[in-house]
Amino acid sequence: MPKGVPRARMRVYNELLFNNLESFLLACFPVCRKLLGARIWKRLVRAFFAQHRCRTPLFRQIPEEFVQWLSGSPVEMPAWLAHLAHYEWVELAVDTSPAVADAERIDPAGDLLDERPVLNPASMLVAYPYAVHRIGPRMRPERPDDLPTQILVFRDQGERVRFIVLNPVSARLIALVGTGEVTGRAALMRIAQELRHPDPDAVIAGGLQVLRDLRAQDAVLGSVQRDRP
Amino acid sequence: MHGIDVQGAGLGLRRELIPALRAGVPPAIQFFELAPENWIDLGGSSGKALHHFSERYPIVCHGLSLSLGGPAPLDEVLLGRIRRFMRAHGAHLYTEHLSYTTDDGHLYDLLPIPFTAEAVRHVAARIRRAQDILETRIAVENASYYVAAPISQMSEIEFIGAVLDEADCWLHLDVNNVYVNSVNFGFDPVAFLRALPAERVVYLHMAGHYRESDDLLIDTHGAPVIDPVWSLLETAYDLVGVHPTLLERDFNIPPLAELAEEVARIDRLQRERVPGDAQAHRRRG
């Protein structure tokens, strides 16, 4: 503390700065806060404040810095915490994402098999070693699951954030389609090969239904507009 | 005169207020102010709402993270983003606090600059650089503070005057901050207003604060404006002239109608002092 400064007045700054930083985190991480309880949560936020140097001037990116810091295991915390925090942050990131699709390039009713499907750009495909969407006061995982939990988080046309928990094939399909470089059919043929599936046509038929469902929910916006002659 | 297109009374744009404002903007509100650090590159429903309002109302940008007094190099990348944001929304006035918000990282709150000759040079050089990048003169706001730096060499009013002169920038006068500081440091707020360079004032703020004790007020923007601050606004108008004035409310946000009453009170005080405009108002009424 600087010499000649009243202790009570310095405490004003201690409280203002901590409460302000905490308010940005509380708005993003209500589940983490609830599961940790007030005391451990405050200790975690204090450690973040003390150890981490925030680089972003934008307030809504403070939670992203928190998630990055947490992923480096800076303090003794449950192993699932960093993943849960990431999952809570993804909702904010998708909700506020500035990414918009170029409507001119998209045919909303386009062929999802023989054209290239367009994944909603305001989306994130995420994978966690825990079923983060089920973690709660009565579900605190003790060890990672055998298979990762894969979730597509996206913003629909009504600007609401939606979550779809995916099976491994759907997740692979979305990852391939998300490159913007393959037709639906090429993506599904590749998946059939990767699975050494005896009936590729069945994979294609099932995959088409998945793409149609994704389009009905605004996760897929259509297919790339074919150049007009 | 300066090239500011904003007039009358305004309200700080916050995401919480968007549904009510979408339903109808109260007539007293003639412009909106926002922190670019909350709205730059913001997509989704709030981003759409911002475009809706900036197409219909003038926008003032009131920065929070530039850290004019900070020790780290001036964030010129942020200034570039602010310039693009202002152009996208037709905003002409940018103001920042006469404070610092960084050490070697961002602290996200306003810290008091020691009132020294070295700080005057440091801050004024950064303001001039910001004005170069934004290609416009900016206004700096007198900040609230709770600790007087033991190394200060001058009073707050001397410091503000020296910075404004050396940077050749405008003053954004926060009336509540004058009141808060006058209580926290025991000076006469009216004498402070008299000593300001009136010709540099272009924009005013009004806000509520929290009374921690008889000699400690905290500038929270979380309560209605109190009567002594209303009367200080009248004194300010009489001393520095009527300028566009914004109501800030950042916490404990009440229904829009309550905020609109405070904005309307600002509007009334302005019209009482600008006879031509007041007559026009009566004719319309």
Side-chain angles (χ1 to χ4, degrees), chain A residues 1-25 27 45 48-63 65-66 69 91-101 120-123 154-162, chain B residues 15-16 35-50 63-67 70 72 74-79 81-82 85 101-112 114 144-152 184-185 210 212-213 215-220 222 250-251:
Chain A
M1 204 175 86
K3 254 177 117 166
V5 171
R7 190 174 291 275
R9 293 293 182 94
M10 271 316 280
R11 202 166 55 228
V12 171
Y13 281 107
N14 288 341
E15 286 175 12
L16 280 180
L17 268 68
F18 179 82
N19 292 343
N20 187 43
L21 186 75
E22 187 195 21
S23 72
F24 294 113
L25 299 177
V45 175
F48 173 61
F49 200 11
Q51 294 176 19
H52 184 71
R53 295 288 168 271
C54 281
R55 291 282 147 239
T56 180
L58 308 186
F59 299 99
R60 74 171 171 283
Q61 290 176 349
I62 298 171
E65 299 226 14
F66 182 74
W69 172 77
E91 180 174 3
L92 169 75
V94 169
D95 184 38
T96 58
S97 165
V100 281
N120 184 335
S123 68
F154 64 98
R155 200 169 71 216
D156 69 15
Q157 309 280 27
E159 309 290 2
R160 288 167 57 108
V161 177
R162 304 213 171 260
Chain B
R15 290 175 73 170
E16 300 90 320
E37 292 86 348
N38 278 328
W39 297 86
I40 283 175
D41 286 344
L42 179 65
S45 59
S46 300
K48 277 189 182 162
L50 170 58
L64 286 167
S65 294
L66 193 59
S67 198
L74 189 66
D75 189 345
E76 299 194 356
V77 174
L78 175 62
L79 279 164
R81 296 173 84 179
I82 291 169
F85 179 86
T101 55
T102 51
D103 48 14
D104 47 345
H106 280 273
L107 300 167
Y108 306 110
D109 220 324
L110 306 171
L111 295 158
S144 53
Y145 60 104
Y146 312 104
V147 165
I151 59 169
S152 285
N184 290 348
F185 297 99
Y210 173 73
E212 175 127 340
S213 64
D215 62 354
L216 181 56
L217 307 183
I218 312 287
D219 178 28
T220 52
D250 297 321
F251 294 100

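FYI, side chains are in, hydrogens and waters are out, and symmetry mates aren't considered; it's all heavy atoms of this structure. Everything numeric here is computed off the predicted structure, so don't read it as measured data. Quick note on labels: first sequence line is chain A, next is B, and so on, each numbered from 1.
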Relative to chain B, which segment of Ser97(A) carries a heavy atom at a distance below 4.5 Å: side chain, backbone, both, or neither?
backbone
In Å and rounded to the nearest 0.5 Å, what is the CZ to OG distance from Arg160(A) to Ser45(B)?
10.5 Å
Tell me, for Asp75(B) versus chain A, whether the close heavy atoms (under 4.5 Å) come from the side chain, the backbone, both or neither.
side chain
Are any of the side-chain heavy atoms of Lys48(B) and Glu159(A) separated by less than 4.5 Å?
yes
Look up atom CZ in Arg53(A) and atom NE2 in His106(B), then write down how far apart they are to the nearest 0.5 Å.
12.5 Å
Which bit of Arg55(A) comes within less than 4.5 Å of chain B, counting heavy atoms only: side chain, backbone, both or neither?
both
Side chain, backbone, both or neither: which part of Phe59(A) has a heavy atom under 4.5 Å from chain B?
both
Could you go through residues 145-152 of chain B and list every donor-acceptor pair under 3.5 Å that involves a side-chain atom there, pairing it with any protein atom two or more places apart or in another chain?
residue   : atom : partner   : partner atom : Å
Tyr146(B) : OH   : Asp219(B) : N            : 2.8
Ser152(B) : OG   : Phe115(B) : N            : 3.0
Ser152(B) : OG   : Ala149(B) : O            : 3.3

From the list Pro36(B), Ser65(B), Ser67(B), side chain to side chain contact (heavy atoms under 4.5 Å, CB included) partner of Pro57(A) resolves to Ser65(B)
Winner by heavy-atom pair count (cut-off under 4.5 Å) against chain A, out of Ile40(B), Leu111(B), Asp109(B), Val77(B):
Asp109(B)
Considering all heavy atoms, the nearest Arg81(B)-Leu58(A) contact
NH2-CD1, 3.6 Å
Short question: side chain of Arg9(A), backbone of Asn184(B) - any donor-acceptor pair under 3.5 Å?
yes
Starting at OG1 of Thr220(B), measure out to CG of Leu16(A) and round the result to the nearest 0.5 Å.
9.5 Å
Is the backbone of Tyr108(B) close enough, under 3.5 Å, to the side chain of Asn20(A) for a donor and an acceptor to pair up by distance?
yes
Give, as side chain, backbone, both or neither, the part of Ser23(A) having an atom under 4.5 angstrom from any heavy atom of chain B.
neither
Max heavy-atom pairs within cutoff under 4.5 Å with chain B, candidates Val100(A), Val12(A), Asp95(A), Thr56(A), goes to Thr56(A)
Of all residues at least two apart in sequence or in a different chain, which pass the side-chain hydrogen bond (donor to acceptor under 3.5 Å, both in side chains) check with Arg60(A)?
none
Within the structure provided, determine whether Glu15(A) and Ile218(B) are in side-chain contact (heavy-atom separation under 4.5 Å).
no
Does CZ in Phe185(B) sit with more than 12 non-hydrogen atoms of other residues, nucleotides or ligands closer than 6.0 Å?
yes
Of the backbone (N, CA, C, O) and the side chain (C-beta and beyond), which part of Leu78(B) lies under 4.5 Å from a heavy atom of chain A, both, or neither?
side chain
Which region of Leu21(A), side chain (C-beta onward) or backbone (N, CA, C, O), has a non-hydrogen atom less than 4.5 Å from a non-hydrogen atom of chain B, or is it both or neither?
side chain
Using 0.5 Å steps for rounding, measure from the CG atom of Leu110(B) to the OH atom of Tyr13(A).
8.5 Å
